[in-house]
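Heads up: the structure comes next, in structure tokens.
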Amino acid sequence: MTTLMIDNYDSFTWNVYQYLTDLGADVEVVRNDQVTVEWCLARKPRNVVISPGPGYPKDAGISMDVIRAFAGKVPILGVCLGEQAMYEVFGGTVRHAGEIVHGKTSLISHDGRGLYKSVSQGIQATRYHSLAGDPKTLPDCLEITSSTASGIVMGVRHKTFVLEGVQYHPESIASEEGKKMFANFLMWEGGTWDTLVIKEEYVRKEALSSGPGASGDIGRRGDIYSGISLADASKINSTNGAATDTPAKKPTILEQINAQRMMDVAAVQSLPGRTEFHLARSIALGAAPPLIHFHERLLRAANPVAVCAEVKRASPSKGAFDLSVHAPTQALTYARGGAAVISVLTEPKWFQGSLEDMLEVRRALDVLPDRPAVLRKDFILNRYQVIEARLYGADTVLLIVASFTHEYGGDEQLASLVTFSRSLGMEPLVEVANSAEMERAVKVGARVIGVNNRDLHTFNVDPARTTSLAKMVPEGVVLIALSGIFGREDVQRNVDGGAKAVLVGEALMKSSDKFALLRELQLLPAVKGQSLTIEPPFVKVCGVVRAEDAIHIAKSGADMIGLIFAKSPRQVTAEHAGGVIRAVRDVVGVPTDVSQGLTLPSSSGFATSRLAWLRSTTKSLVEHRQNLGRPLFVGVFMDQPISYINACVREAGLDLVQLHGNEPSWTASFISVPVIKVIHVPAAGESASKDDTANEVRRRISDAVGSMPQLSNIAAVLLDTSVKGSAAGGSGVSFDWEVAKLAFEEHVGSSGPPLLLAGGLTPTNVGEAGKISGAWGVDVASGVESGVGVKDYGKVGAFIDGAKSSK
């Protein structure tokens with residue numbers, strides 16, 4: 001059976017014919033105006049090729065009709081004009097591409113499927129065209145398979161029919177791996193993808209390693225086509241100059257990322273409702289959140305230096321930092337630690353970020369009275385990405401001068417995006433890496449310039465780069481040092497050199513004490529609470545109602561103060577609890593303006609065991625208590641709505657929430673602060689054997705924490721005596737403390753998990769309870785009272801002393 005090729009009067013038809021026949025095809029070539037569609041159907045070809053040619057698809061004779069006639073029956077390949085014909089057959093529009101390319105090569109990014117199976121990413125492709133399919137008009141039945149770095153559509157594929165086309169010339173001597181693509185096509189048999197059969201016998205395998213278009217043993221790519229290098233071939237095609245011995249230049253990391261991002265953008269723009277027009281209308285109708293001024297926010301915090309803290313899961317140079325990190329939680333930690341700007345990586349492939357990360361970060365920060373500015377950190381090259389940033393909550397965007405090569409519009413495009421960003425209310429951060437780029441940034445009028453100490457082509461770091469370029473920065477322009485900053489000395493060096501701000505990512509992502517590092521990066525002294533030494537058992541005094549009691553309890557050395565929001569004689573409102581908490585904060589611990597929220601550690605991957613997770617949580621609780629220099633405030637709730645709990649957390653300023661009822665295991669994930677989950681244990685004498693009770697306690701803890709504890713938001717578990725006939729505690733009655741020991745017999749004591757003990761504890765029995773159970777913490781309410789809700793200071797002191805002596 002033959003391969004039928006429609007010749008659209010183009011010299012490249014011969015090259016296509018040569019490749020196909022070399023690979024073993026029996027090709028029959030006919031001109032587009034010398035036969036009819038009926039004649040073509042009568043030939044019963046095994047597959048069909050629509051050749052390159054001049055003009056528009058409407059000028060291609062019977063080509064479009066042939067596509068309609070054979071679609072779904074046999075495989076169809078379109079090259080250049082042939083691909084454009086496919087685009088218009090199914091309802092798309094072909095128009096001027098915005099650039100005229102004649103005999104030049106471009107890097108192509110592709111999806112690795114269909115024609116591109118086993119084809120290297122970032123291949124060089126020869127282009128001869130001024131027209132291309134408009135991605136805004138991409139038919140629903142087609143998908144974009146490849147594009148240039150500037151977003152020009154370089155290939156499409158039908159989603160149902162075995163029909164694929166490329167805008168460029170894979171048959172050109174300067175195109176890489178073209179013969180492999182034609183071989184992929186020739187192996188296809190069938191008219192639809194779901195019935196496709198791959199028949200390798202249709203291809204002469206030896207042709208793939210010899211003759212024109214063959215790939216030699218070149219690694220990823222290199223010298224091809226009987227010793228003619230890619231650089232020589234490209235030069236011959238584009239300039240008719242003499243060949244040289246210059247080897248092909250491998251794309252840098254920056255070039256690869258830029259190419260991929262343009263392909264990503266083209267794909268998004270092709271989705272229904274996601275064109276530039278649609279996004280602009282959303283902004284016009286008020287869908288974008290309010291802005292704060294980036295330049296002013298930096299200057300206000302630059303006393304002496306503003307910190308831009310970065311949320312990023314990975315990088316091309318260092319790999320993954322923490323793929324499980326929750327972006328909004330990380331951002332709030334940074335903000336509460338004093339960051340003036342939150343930088344959010346939104347590039348998905350190399351940095352594992354997303355626009356959704358930034359949107360959620362922005363929504364989380366909106367609850368703060370003086371929130372940081374939000375920076376979209378990405379490889380932004382066109383207006384669409386700036387519009388996306390505005391709509392998804394950014395206050396500013398990053399524009400990397402090195403990205404704006406001639407291929408991406410150079411300084412004209414850079415200046416245009418600076419102006420466009422400002423028109424949307426966003427002052428951009430313009431990034432440079434050398435003196436030439438600094439001159440370009442100054443020329444386009446940048447008001448905030450960041451010097452990247454990391455070379456984006458090689459990813460090597462030069463810590464002195466910011467200082468060396470600072471003298472070129474005009475007065476009134478804010479200078480930011482980017483990359484290679486890990487501590488106080490790095491910040492001080494850059495500030496002394498003229499920087500008003502620093503951007504820090506890797507160091508913060510890896511830090512186990514982000515609060516302390518943020519103060520160091522701001523050149524602030526360590527807070528006084530960090531000099532405390534807190535050792536288990538933790539002591540929680542619950543049921544506090546009066547502010548004066550809370551202050552005395554805090555000064556006596558308690559580690560947690562519990563405020564009951566559930567129905568109880570000691571119940572408080574959010575407003576009342578907030579007053580109690582503020583009273584304590586005013587006299588005990590670090591100033592309110594440097595306090596931070598408690599966050600649980602995350603883990604890279606999900607291999608962390610439950611025991612390892614709980615031990616790391618113990619460390620977090622202790623460190624947070626030490627940092628603040630005051631007790632942690634715990635709100636106690638029982639079977640109350642999640643929305644109510646989170647509202648109380650915000651209004652009162654709680655550090656943790658205690659779930660004391662029968663809440664489902666997933667509830668903790670929806671609470672905005674870490675959770676203590678209560679497990680109710682029958683009173684002594686009311687349960688089965690100790691072993692059976694301990695096994696039941698283990699099962700309930702497992703249900704609460706789950707198989708992936710780092711995803712549970714559970715900070716600790718508390719064992720309390722259940723009230724007969726009810727799941728609730730608060731009975732003032734003890735359970736058998738050996739049950740707690742048996743439940744965690746393999747890991748008790750100071751190195752064990754954060755297991756707290758409650759139920760009938762008093763100053764006289766707390767020491768014995770601690771020794772028998774091995775609990776990490778103890779919890780008391782009525783056992784230290786002289787009346788309901790009135791704490792007896794003598795009992796409080798005796799209880800704390802007794803608990804601490806049980807270690």
Side-chain angles (χ1 to χ4, degrees), residues 535-545 549-550 552-554 556-564 566 568-570 621 631-632 634 636 638 656 658 660 676-687 690 693-694 697 716-724 727-744 748-750 752-807:
E535 294 186 355
F538 248 42
V539 176
K540 174 171 172 274
V541 179
C542 200
V544 175
V545 176
D549 289 353
H552 181 85
I553 291 166
S556 298
D559 302 299
M560 294 181 181
I561 292 177
L563 300 147
I564 299 176
S568 162
R570 303 172 183 84
L621 289 170
L632 307 180
V634 183
V636 180
M638 188 169 70
L656 298 103
Q658 179 173 311
H660 207 84
I676 298 172
K677 177 57 183 168
V678 174
I679 306 296
H680 300 288
V681 184
E686 295 181 1
S687 62
K690 294 177 185 178
T693 304
V697 169
V717 293
L718 185 151
L719 303 187
D720 193 8
T721 311
S722 60
V723 176
K724 194 169 185 178
S731 64
V733 177
S734 301
F735 64 88
D736 190 331
W737 298 322
E738 288 194 5
V739 168
K741 179 180 180 180
L742 291 171
F744 286 95
V748 297
S750 61
L755 167 67
L756 285 83
L757 193 68
L761 297 181
T762 67
T764 57
N765 67 13
V766 65
E768 182 184 6
K771 289 176 181 178
I772 292 175
S773 67
W776 175 82
V778 290
D779 185 352
V780 67
S782 60
V784 293
E785 290 182 341
S786 59
V788 177
V790 179
K791 302 306 180 186
D792 183 308
Y793 297 165
K795 291 181 179 179
V796 168
F799 185 89
I800 294 173
D801 290 343
K804 296 293 185 180
S805 66
S806 69
K807 179 182 177 183

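We're numbering straight along the sequence, starting at 1. These numbers were taken from a predicted model, which means no experiment stands behind them.
Contact record, L757 with A740: CD1-CB, 4.2 Å, taken as the closest heavy-atom pair. The minimum heavy-atom distance linking P537 with A775 is given by the pair CB-O, 4.2 Å. A pairwise comparison of heavy atoms in V733 and A683 identifies CG1-CB, 4.0 Å as the closest pair. Closest heavy-atom contact between K690 and L742: CB-CD1, 3.8 Å. Across V541 and A558, no two heavy atoms sit closer than the pair CG2-CB, 4.2 Å. The shortest heavy-atom contact between V766 and A803 is CG1-N, 3.6 Å.
Atom CD1 of I561 sits about 10.5 Å away from atom SG of C542, to the nearest 0.5 Å. The distance from the CD atom of E738 to the CD1 atom of I772 is 6.0 Å, given to the nearest 0.5 Å. In this structure, NZ on K795 lies 9.5 Å from OG1 on T764, to the nearest 0.5 angstrom. Remark: I679 CD1 to D720 CG distance equals 11.0 Å, nearest 0.5 Å. Atoms CE and CD, from M638 and Q658 in turn, are 11.0 Å apart once rounded to the nearest 0.5 Å. How far CG of L719 is from NZ of K677: 12.0 Å, rounded to the nearest 0.5 Å.
Between H552 and Y793, the angle of the ring planes stays under 30°, which puts this pair in the parallel group of the 30/60° scheme.
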> Could you go step by step and tell me if W737 and N765 meet the side-chain contact (heavy atoms from CB on, under 4.5 Å) rule?
Replying inline: CA-CA 11 Å; W737 298 322; N765 67 13; 3.9 Å; yes
- Task: Check step by step if side-chain contact (heavy atoms from CB on, under 4.5 Å) holds for D559 and K804.
- Result: CA-CA 11 Å; D559 302 299; K804 296 293 185 180; 3.0 Å; yes
Could you walk me through whether M560 and I676 pass side-chain contact (heavy atoms from CB on, under 4.5 Å), step by step? CA-CA 12 Å; M560 294 181 181; I676 298 172; 4.1 Å; yes
For the pair L756 and W776, evaluate side-chain contact (heavy atoms from CB on, under 4.5 Å) and give the outcome as yes or no after the intermediate values. CA-CA 6 Å; L756 285 83; W776 175 82; 3.9 Å; yes
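For the pair D779 and L761, the minimum side-chain heavy-atom distance is 4.5 Å or more. The shortest distance between side-chain heavy atoms of T693 and D736 does not fall below 4.5 Å. Side-chain contact between F799 and I553 is absent, with no heavy-atom pair separated by less than 4.5 Å. For the pair V717/L755, a side-chain contact is recorded, criterion being any heavy-atom separation below 4.5 Å from C-beta on. With a 4.5 Å cut-off on side-chain heavy atoms, V697 and V739 count as touching.
One N or O on the side chain of S734 and one on the backbone of G759 form a donor-acceptor pair closer than 3.5 Å. T721 places a side-chain N or O within 3.5 Å of a backbone atom of F735 that can act as its donor or acceptor partner.
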